[in-house]
A.B. asks: 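Got a structure for you, questions after.
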Number of protein chains: 2
Amino acid sequence: MPAGMTIGEAARHSGVKVPTIRYYEQIELLPAPARSETNRRHYEAADLRRLAFIRHARELGFGIEAIRALLTLQDNPSQPCATADAIAQARLADVVQRIRSLTALKAELEHMVEGCRHGKVCECRVIEVLADHDKCEHPHH
Amino acid sequence: MPAGMTIGEAARHSGVKVPTIRYYEQIELLPAPARSETNRRHYEAADLRRLAFIRHARELGFGIEAIRALLTLQDNPSQPCATADAIAQARLADVVQRIRSLTALKAELEHMVEGCRHGKVCECRVIEVLADHDKCEHPHH
DNA sequence: CTTGCTCCTCTAGTCGCTAGAGGATGTAGC
DNA sequence: GCTACATCCTCTAGCGACTAGAGGAGCAAG
């Protein structure tokens with residue numbers, strides 16, 4: 001018979017922390033596993049695959065609800081994959097947008113830091129730029 | 001006597017929403033302003049400058065505690081600006097790191113989306129890659 | 001005088017966990 | 001068997017930075 005693993009073993013195997021696994025069960029992202037006579041959770045291979053899927057999706061920045069949708073799709077493989085594609089594309093668009101705005105931010109921060117002469121606050125570029133938006137190179141934010 | 005403006009006017013002027021201004025007051029980032037006879041807040045020019053400073057710093061991604069430190073520095077202009085510089089540099093390092101990881105993510109997502117043949121889920125690249133980390137181009141995450 | 005906007009306070013919700021209390025169970029060494 | 005210590009259980013509360021909504025009062029225009 002398949003012994004199954006404890007929640008701690010599942011955590012080590014999947015890289016998802018123990019409380020996080022319990023949390024995923026609570027929000028019904030992961031099915032509640034069988035319990036031992038003494039009330040301990042026992043995980044099988046299928047649970048581990050699901051956990052790995054979730055972890056990977058989280059690493060790629062998908063939100064819980066998106067992952068829920070993707071898991072439902074995985075459970076119904078005969079459906080068209082347009083939804084999965086749309087979710088991934090939405091995430092990609094979000095990432096692209098974030099990179100854009102972070103790159104602009106980076107330029108602004110570099111501008112601030114480079115201008116700092118390490119003197120007193122009253123002549124500090126960092127404080128000065130923060131206080132006056134017009135001192136930004138590209139004040140489009 | 002300086003009339004001062006209502007919280008709504010201060011919000012329109014600064015671009016910070018009304019409830020957010022109240023929230024900043026609650027966490028003591030913004031001093032509690034004078035009140036009218038009927039208990040309404042009245043903001044002066046100094047409050048507006050402080051609000052603009054906070055808003056700009058938030059736009060650049062500084063956390064509330066960092067902003068609190070920066071505001072304290074601004075209030076004490078004779079101190080050396082090493083702290084302000086350190087805060088800005090820490091933020092810059094964070095932004096650089098974020099850009100790096102988002103760029104890696106972008107490549108992974110593009111890989112997923114490009115591979116999608118828009119067929120059924122059972123042959124969908126998106127689901128497939130999520131389920132199997134080894135199918136990533138650069139599985140360094 | 002009524003309509004509709006703004007203001008007040010307070011509480012609770014968002015997201016994805018994470019931390020901690022307080023208690024039961026399991027394992028290893030003696 | 002006894003003693004540590006790790007691991008497990010449930011439950012509640014906290015994080016950051018707001019945001020939403022209830023329920024009520026004030027204000028300005030028609």
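Each chain gets a letter, A, B and so on, in the order its sequence line appears, and its residues count up from 1.
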A.B. asks: Taking atom P of D/dC18 as reference, at what distance in whole Å does atom CD of B/Glu25 sit?
C.D. replies: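 To the nearest whole Å, that distance equals 15 Å.
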A.B. asks: What is the distance, to the nearest angstrom, from the CZ atom on B/Phe62 to the C1' atom on D/dA17?
C.D. replies: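 Those two atoms, CZ and C1', are 16 Å apart.
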A.B. asks: Determine whether a donor-acceptor pair (N or O, by modelled atom type, separation under 3.5 Å) exists between the side chain of A/Arg58 and the backbone of A/Phe62.
C.D. replies: yes
A.B. asks: Mark yes or no for whether B/His56, through its side chain, and A/Leu130, through its backbone, hold a donor-acceptor pair below 3.5 Å.
C.D. replies: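 Checking the backbone N and O of A/Leu130 against the side chain of B/His56, a donor-acceptor pair under 3.5 Å is found.
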A.B. asks: Touch check for B/Arg22, heavy atoms < 4.0 angstrom, all strands: base, sugar-phosphate only, or nothing?
C.D. replies: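 It contacts base atoms.
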A.B. asks: Which residues satisfy the side chain to side chain contact (heavy atoms under 4.5 Å, CB included) test with B/Thr72, sequence neighbours excluded?
C.D. replies: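 Expected list: B/Asn76.
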A.B. asks: When you compare the side chain of A/Met5 with that of A/Leu48, does any pair of heavy atoms fall below 4.5 Å?
C.D. replies: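 Sidechains of A/Met5 and A/Leu48: in contact.
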A.B. asks: Would you mind classifying the nucleic acid contact of B/Tyr24 as base, sugar-phosphate or nothing, using non-hydrogen atoms under 4.0 angstrom?
C.D. replies: sugar-phosphate
A.B. asks: My understanding is that only residues two or more places apart in sequence, or in another chain, count here; which of them pass salt bridge (Lys or Arg N to Asp or Glu O under 4.0 Å) with B/Arg22?
C.D. replies: none
A.B. asks: Let me test you: for the helix from C/dC1-D/dG30 to C/dC30-D/dG1, what is the angle between the axes at its two ends (five pairs each), rounded to 10 degrees?
C.D. replies: 10°
A.B. asks: Compare all side-chain heavy atoms of A/Phe53 with those of B/Asp132 and state whether any distance is below 4.5 angstrom.
C.D. replies: no
A.B. asks: Under 4.0 Å from any heavy atom of chain B: name the first and the last nucleotide of DNA chain C that qualifies, 5' to 3'.
C.D. replies: C/dT6 to C/dT9
A.B. asks: Give a yes or no on whether a salt bridge exists between B/Arg68 and B/Glu65, defined as a side-chain N under 4.0 angstrom from a carboxylate O.
C.D. replies: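 B/Glu65 and B/Arg68: salt-bridged.
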A.B. asks: Should the pair B/Arg125-B/Glu114 be classified as a salt bridge under the 4.0 Å nitrogen-to-oxygen rule?
C.D. replies: no
A.B. asks: In whole angstrom, give the distance that lies between atom CZ of B/Arg58 and atom P of D/dA17.
C.D. replies: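 Rounded to whole Å, this separation is 5 Å.
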A.B. asks: D/dC8 C1' sits how many Å from A/His42 NE2, rounded?
C.D. replies: 11 Å
A.B. asks: Hey, which sits more toward the 5' end of DNA chain C by its nearest nucleotide, B/Arg12 or A/Pro19?
C.D. replies: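 Nearest nucleotide further toward 5': that of B/Arg12.
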A.B. asks: Tell me: CD of B/Glu28 to P of D/dA17, nearest whole Å?
C.D. replies: 16 Å
A.B. asks: Using the test salt bridge (Lys or Arg N to Asp or Glu O under 4.0 Å), find all partners of A/Arg50 that sit at least two apart in sequence or belong to another chain.
C.D. replies: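 A/Arg50 satisfies salt bridge (Lys or Arg N to Asp or Glu O under 4.0 Å) with A/Asp75 only.
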A.B. asks: Provide a list of protein-nucleic acid N or O atom pairs under 3.5 angstrom, restricted to nucleotides 27-30 of chain D.
C.D. replies:
unit_1	atom_1	unit_2	atom_2	d
D/dC27	OP1	B/Thr38	OG1	3.1

A.B. asks: When you match B/Thr20 and A/Gln26 each to their closest nucleotide on DNA chain D, which lands nearer the 5' end?
C.D. replies: A/Gln26
A.B. asks: I'd like to check A/Tyr24 versus A/Val16 (side-chain heavy atoms, cut-off strictly below 4.5 Å). Are they in contact?
C.D. replies: yes
A.B. asks: For A/Ile7, which contact category applies under a 4.0 Å heavy-atom criterion: base, sugar-phosphate, or nothing?
C.D. replies: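 The residue A/Ile7 makes sugar-phosphate contact but no base contact.
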A.B. asks: Indicate yes or no: at least one non-hydrogen side-chain atom of A/Pro33 is less than 4.5 angstrom from one of A/Arg41.
C.D. replies: yes
